[in-house]
Amino acid sequence: MKRLSFERIGIVLFCATLIGSGALTLATGMKPIAKATLSGIKTGYTSDGVGGMLEGGISGLESGVNDNVYAKNSYVNLFGLTSKILNKKYIIETNVTNSVVKDSQGKLQFVTFPVDTQPYVDKIAGIKSVLDELGTPLLYVQTPLKVINGYDEMPIGITDSAETNTNHFMQQLDAAGITRLDLRENVSGEDLDLGSLFYNTDHHWTTQTAFWAVGEVVDYLKANMGIDLDPNNFYTNAENYTSKFYEDSFLGSQGRRVGKYYGGVDDYTLMLPNYDTDYSVTINKANASTTAEGTFEDALVKYNLLNTEDIFTNRYAAYFGADFPEVIVKNKSADNDMKVLIFKDSFGLPFSAFLSTMVGETRLLDTRYYDGDVQEYIKEYNPDLVLYVYKSINTQA
């Protein structure tokens, strides 16, 4: 009877916790939940008419509730702490692509599964044909991978396909005649601190690695394509930048899924030019447009993501603030009037910020969100150089 009583008490407490958490979620998150639901209904109607409204509304409601669960971060931290105590190396989520793995170096990883990359090569080849007509050079830049051969090892039983996918993709680009720079080779060929290339709790490269990558691209363009963006090696010299250090402040994309106790917390470094700059940055969102002017710091950096004690804030996006369909960066202090178009995923945020110091205008297109005709965009803009900067061409990052 005593055992039964304890079981009943446990069940009652569990149910009370669920009910209380649900009530507090509705009380504190009613506005964003309602906004997400209405957005889902609108999206459903746009894609499938009246028939899609119900499905869109349910999806929006689910998303709104999930994002606004009362004390959500505390639950995540507790879950991660429990997983660490149990020495779990693989934390599985319903969407397996969001499952988190702790590798041999203690870094958190997402597992990459096999993917057919040929459709993406075909799209790039189509863009190359347009650029060839314009006489515009194209360079595909493959970023390093967080799982580094000979350094990181996945737990026994976990197979990561990032390296295999990327190798195959590079071969397909070569076969299509698309010029590419594989920064994985640069990493292995230089004396770099492999442990500091990526954040421990985030799938992105660090600010310093992005800055290094810009230097590698500039060197490649000069040596192989006759394009010299930095004749005096000024803009790619780290001594001409000031670093702001934010210690133990950043819980990355992987860390936000398992909490601060499971994999620790990262430092974040913001690099800023210590020379005079004059910028105008226009961000074109799906339904709005904003323009900021001033120095590099004034126009590009979003301090609302840095000046907060909430470690769950995505500090990685401090340059530009987030991924947007289109960003137009005008450098009024540039030594030239070159126009550079960068197709990017989230790895392109800090990269594009640093590259913009060397050219008159830089445009960023994120085709995950940009729904216009890319080939027509290129013809109208007529850039002097086009870069693809991607970790994974089909990334959802």
Side-chain angles (χ1 to χ4, degrees), residues 80 83-84 87-91 99-112 141-156 158-167 181-217 236 238-239 241 243-271 306 311 314-319 345-351 354 389-392 395 397:
S83 298
K84 182 176 182 179
N87 198 31
K88 294 182 65 175
K89 300 296 184 182
Y90 188 22
I91 299 179
S99 298
V100 175
V101 176
K102 183 180 289 186
D103 69 19
S104 59
Q105 299 294 329
K107 292 181 176 293
L108 305 186
Q109 303 277 1
F110 289 137
V111 179
T112 301
V141 180
Q142 173 61 55
T143 75
L145 303 178
K146 190 173 180 180
V147 179
I148 302 173
N149 279 340
Y151 179 74
D152 302 278
E153 293 182 5
M154 290 295 214
I156 296 175
I158 303 298
T159 301
D160 182 77
S161 297
E163 190 80 20
T164 302
N165 289 344
T166 305
N167 288 341
L181 171 61
D182 189 348
L183 290 176
R184 295 178 303 163
E185 299 173 359
N186 299 53
V187 166
S188 62
E190 298 185 20
D191 186 22
L192 299 176
D193 179 7
L194 300 182
S196 65
L197 296 181
F198 287 77
Y199 296 104
N200 289 339
T201 69
D202 194 78
H203 68 285
H204 294 109
W205 53 13
T206 63
T207 304
Q208 298 92 323
T209 307
F211 182 84
W212 164 84
V214 169
E216 297 297 298
V217 170
T236 52
E239 293 183 0
Y241 294 78
S243 293
K244 292 187 177 182
F245 188 62
Y246 297 81
E247 186 177 8
D248 294 335
S249 65
F250 178 40
L251 198 59
S253 57
Q254 293 140 344
R256 290 193 292 273
R257 296 187 175 279
V258 293
K260 63 182 180 180
Y261 301 117
Y262 183 74
V265 181
D266 281 299
D267 301 327
Y268 178 83
T269 299
L270 181 73
M271 293 180 64
L306 298 173
I311 61 173
N314 183 18
R315 284 173 169 79
Y316 173 78
Y319 296 98
D345 61 8
S346 52
F347 276 64
L349 292 176
F351 179 96
F354 296 131
V389 181
Y390 275 87
K391 181 257 183 181
S392 172
T395 183

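Positions are given from 1, in the same order as the sequence printed here. All values below were derived from every heavy atom in this structure, side-chain atoms included, with hydrogens, water molecules and symmetry-related copies excluded.
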What heavy-atom pair brings [X] and [Y] nearest, and what distance separates the two atoms?
X	Y	answer
Asn186	Asp182	OD1-O, 3.2 Å
Leu270	Ala318	CD1-CB, 4.5 Å
Arg256	Leu251	NH1-O, 2.9 Å
Pro155	Val101	CD-CG1, 3.3 Å
Phe198	Pro144	CZ-O, 3.4 Å

So, do [X] and [Y] sit near enough that their side-chain heavy atoms are less than 4.5 Å apart?
X	Y	result
Pro350	Phe211	no
Thr207	Phe354	yes
Gln254	Lys107	no
Lys89	Ile156	no
Val265	Thr201	no
Ile148	Leu197	yes

Review point. Can Arg257 and Ile91 be said to form a side-chain contact (heavy atoms from CB on, under 4.5 Å), step by step?
Key: CA-CA 9 Å; Arg257 296 187 175 279; Ile91 299 179; over 6 Å; no
Kindly compute the distance separating [atom1] ([X]) from [atom2] ([Y]), expressed to the nearest 0.5 Å.
X	Y	atom1	atom2	answer
Ser196	Leu194	OG	CG	8.0 Å
Thr112	His203	OG1	NE2	10.0 Å
Thr166	Leu145	OG1	CG	4.5 Å
Phe250	Ile311	CZ	CD1	10.5 Å
Gln142	Leu181	CD	CG	9.5 Å
Trp212	Thr236	CH2	OG1	13.0 Å

Check whether any side-chain N or O of [X] sits under 3.5 Å from a backbone N or O of [Y] as a donor-acceptor pair, and report yes or no.
X	Y	result
Thr206	Thr209	yes
Tyr316	Ser346	yes
Tyr262	Lys88	yes
Asp103	Val147	no
Lys260	Gly80	no
Gln105	Gly195	no
Lys146	Tyr199	yes
Asp266	Asn200	yes
Arg315	Ser249	yes

Practice item. Assess whether side-chain contact (heavy atoms from CB on, under 4.5 Å) is satisfied between Tyr390 and Val141, documenting all intermediate values. Key: CA-CA 7 Å; Tyr390 275 87; Val141 180; over 6 Å; no
Exercise for review: Verify the neighbour count for atom CD of Glu239: are there more than 12 heavy atoms of other residues, nucleotides or ligands below 6.0 Å?
Suggested key: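 It does not: Glu239 CD has 12 such atoms or fewer within range.
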Check your understanding: Just wondering, more than 12 heavy atoms not from Tyr151 lying within 6.0 Å of its OH?
Key ->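 More than 12 heavy atoms, drawn from other residues, nucleotides or ligands, come within 6.0 Å of this atom.
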Check your understanding: Considering the options Glu153, Gln109, Met154, which one meets the side chain to side chain contact (heavy atoms under 4.5 Å, CB included) requirement together with Asp160?
Key ->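 Result: among Glu153, Gln109, Met154, Met154 is the only option passing the side chain to side chain contact (heavy atoms under 4.5 Å, CB included) with Asp160.
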Check your understanding: Given the rule in the side-chain contact (heavy atoms from CB on, under 4.5 Å) test, do Val217 and Phe351 qualify, once you have shown the distances and angles that lead to the verdict?
Key -> CA-CA 10 Å; Val217 170; Phe351 179 96; 3.8 Å; yes
**Study point:** Whether Trp205 and Phe347 hold their rings parallel, tilted or perpendicular, with breakpoints at 30° and 60°
**Key:**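 Ring orientation of Trp205 relative to Phe347: tilted.
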